[in-house]
Amino acid sequence: PDELAKGKIRITKTDAETGSGLSGAEFEIRAKEDIVTPDGTVKVKAGTVVDTIVTDTTGIARSKELYLGKYVVKETKQPIGFIRPNQTWDVELKYADQKTELVKENLTIKNQPTEIIIDKKETGTDKPLEGVKFVIWNKDKEDPIDPGMQHKEIYTTDKNGKIRLLYLEPGNYAVAEVESIPGYAWDDK
């Protein structure tokens with residue numbers, strides 16, 4: 001008897017800032033509609049999860065062999081320091097020809113890093129203030145016995161009065177101005 005043609009979905013997960021591959025992203029693949037073979041047999045009901053895959057150290061994830069048909073891919077877990085896209089991707093595994101036993105569909109998905117921008121300006125004029133220093137820390141990582149012992153990073157505003165922080169892990173962050181520039185009082189909140 002003839003063998004049924006099947007397919008695989010290959011996902012490449014990249015950092016939208018650098019283009020490098022991201023490991024640890026998890027994807028769920030569901031049947032978008034009933035997956036039916038040419039003889040009319042329903043192999044998978046619409047909405048059924050057919051595979052869950054995770055990207056490797058190079059940012060690649062491959063599904064198992066799937067019956068030809070339409071599928072929906074959704075990211076269910078993003079790497080730490082990145083934002084999970086709030087969307088799904090449709091993929092169709094289509095019959096190619098008599099000689100192709102395994103069709104392949106490639107999907108490239110980019111993740112934006114988490115980002116916080118501090119914008120320091122002169123009150124009333126909106127003139128950017130360069131050289132103002134801020135301390136920033138993840139409050140969720142504070143030592144409950146001695147919160148002051150936590151490692152805190154100091155950042156300085158650039159010529160546009162900005163500090164841009166990327167790849168922050170989830171948590172509640174605190175920001176405090178620790179040093180102003182000559183001629184300006186600093187905000188101790």
Side-chain angles (χ1 to χ4, degrees), residues 1-118 136-142 150-151 153 155 163-173:
D2 291 336
E3 292 290 323
L4 288 171
K6 289 190 174 182
K8 277 190 165 190
I9 298 171
R10 178 182 184 257
I11 298 171
T12 303
K13 185 65 162 177
T14 60
D15 178 337
E17 285 281 315
T18 66
S20 59
L22 297 176
S23 65
E26 185 176 286
F27 296 90
E28 180 179 88
I29 302 171
R30 289 183 179 269
K32 183 173 183 175
E33 58 189 17
D34 285 351
I35 305 296
V36 182
T37 56
D39 67 0
T41 305
V42 175
K43 292 292 188 179
V44 181
K45 290 275 191 196
T48 303
V49 175
V50 294
D51 204 0
T52 300
I53 56 178
V54 178
T55 56
D56 62 18
T57 56
T58 64
I60 305 290
R62 293 175 181 85
S63 74
K64 64 183 181 183
E65 289 186 8
L66 304 170
Y67 290 102
L68 301 183
K70 294 180 180 177
Y71 295 90
V72 176
V73 175
K74 181 179 182 180
E75 187 171 345
T76 54
K77 182 180 176 189
Q78 76 277 18
I80 291 175
F82 289 88
I83 300 167
R84 184 174 3 161
N86 187 23
Q87 72 179 84
T88 59
W89 295 268
D90 292 339
V91 178
E92 184 173 4
L93 298 173
K94 295 188 229 177
Y95 178 76
D97 56 47
Q98 297 188 93
K99 295 179 182 178
T100 306
E101 292 178 37
L102 190 65
V103 294
K104 295 177 182 151
E105 284 297 322
N106 293 310
L107 188 59
T108 299
I109 301 172
K110 297 178 181 180
N111 274 67
Q112 291 292 332
T114 55
E115 177 180 43
I116 293 176
I117 296 177
I118 296 170
I136 300 164
W137 70 98
N138 185 339
K139 290 184 66 99
D140 294 340
K141 298 218 172 204
E142 285 182 338
Q150 183 197 1
H151 176 70
E153 293 285 329
Y155 298 89
I163 297 171
R164 183 176 183 230
L165 303 169
L166 298 173
Y167 307 106
L168 297 173
E169 61 186 75
N172 294 300
Y173 285 82

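Sequential numbering from 1 along the given sequence is applied to the chain's residues.
A heavy-atom distance below 4.5 Å is found between the side chains of Glu26 and Thr52. Between Leu4 and Pro38 the shortest side-chain heavy-atom distance falls below 4.5 Å. In this structure, Val49 and Ile29 have side chains that are not in contact, with every pair of non-hydrogen atoms separated by 4.5 Å or more. Looking at Leu107 and Ile109, their side chains come closer than 4.5 Å, going by heavy atoms from C-beta outward. Between Ile80 and Pro170 there is a side-chain heavy-atom pair separated by less than 4.5 Å. The closest side-chain heavy-atom distance from Tyr173 to Ile136 is below 4.5 Å.
With sequence neighbours left out, Glu28 forms a salt bridge (Lys or Arg N to Asp or Glu O under 4.0 Å) with Arg30. For Glu65, the side-chain contact (heavy atoms from CB on, under 4.5 Å) partners two or more places apart in sequence, or in a different chain, are Lys6, Lys8, Leu102. Listed by chain and number, the residues in a salt bridge (Lys or Arg N to Asp or Glu O under 4.0 Å) with Glu75 are Lys13 (sequence neighbours excluded). Not a single side-chain hydrogen bond (donor to acceptor under 3.5 Å, both in side chains) links Asp34 to another residue, sequence neighbours left out. With sequence neighbours left out, Asn86 forms a side-chain contact (heavy atoms from CB on, under 4.5 Å) with no residue at all. Taking the side-chain hydrogen bond (donor to acceptor under 3.5 Å, both in side chains) definition, one finds that Thr18 meets it with Asp15, Ser20, sequence neighbours left out. Scanning for side-chain contact (heavy atoms from CB on, under 4.5 Å) contacts around Thr12 gives Arg10, Thr14, Ile60, Thr108, with sequence neighbours left out. Taking Asp140 as the reference, nothing meets the salt bridge (Lys or Arg N to Asp or Glu O under 4.0 Å) condition, with sequence neighbours excluded. Qualifying side-chain hydrogen bond (donor to acceptor under 3.5 Å, both in side chains) partners for Thr114, counting only residues two or more places apart in sequence or in other chains: none. Partners of Arg164 according to the salt bridge (Lys or Arg N to Asp or Glu O under 4.0 Å) rule, which considers only residues two or more places apart in sequence or in another chain, are Glu17, Glu115.
Under the 3.5 Å distance criterion, the side-chain polar atoms of Lys64 are matched with a main-chain donor or acceptor of Val50. In this structure a side-chain-to-backbone donor-acceptor pair under 3.5 Å is missing from Thr88 to Val73.
Residues Gln112 and Ala16 come closest through the heavy atom pair NE2-CB, 3.3 Å. When all heavy atoms are compared, the tightest approach of Ala96 to Val103 is CB-CG1, 3.7 Å. Here the shortest heavy-atom pairing between Leu166 and Pro113 reads CD2-CG, 4.2 Å. Between Ile35 and Gly69, the shortest heavy-atom contact is CD1-CA, 3.9 Å.
With rounding to the nearest 0.5 Å, the separation of CD in Glu105 from CD1 in Ile11 is 12.0 Å. The distance from the CZ atom of Arg62 to the CD1 atom of Ile53 is 9.5 Å, given to the nearest 0.5 Å. With rounding to the nearest 0.5 angstrom, the NZ atom of Lys110 is 11.5 Å from the CG atom of Leu22. Between the CG atom of Leu168 and the CD1 atom of Ile83 there is a distance of 10.0 Å, given to the nearest 0.5 Å. Taken from CD1 in Ile163 to OH in Tyr155, the straight-line distance is 9.0 Å, to the nearest 0.5 Å.
Legend: ring-ring contact (aromatic ring centres under 6.0 Å, His included) pairs involving residues 64-92, not counting sequence neighbours, sorted by first then second residue: Phe82-Tyr167. Judged as a salt bridge (Lys or Arg N to Asp or Glu O under 4.0 Å), the pairs with a partner in residues 79-92 (not counting sequence neighbours) are, in order, Lys32-Asp90.
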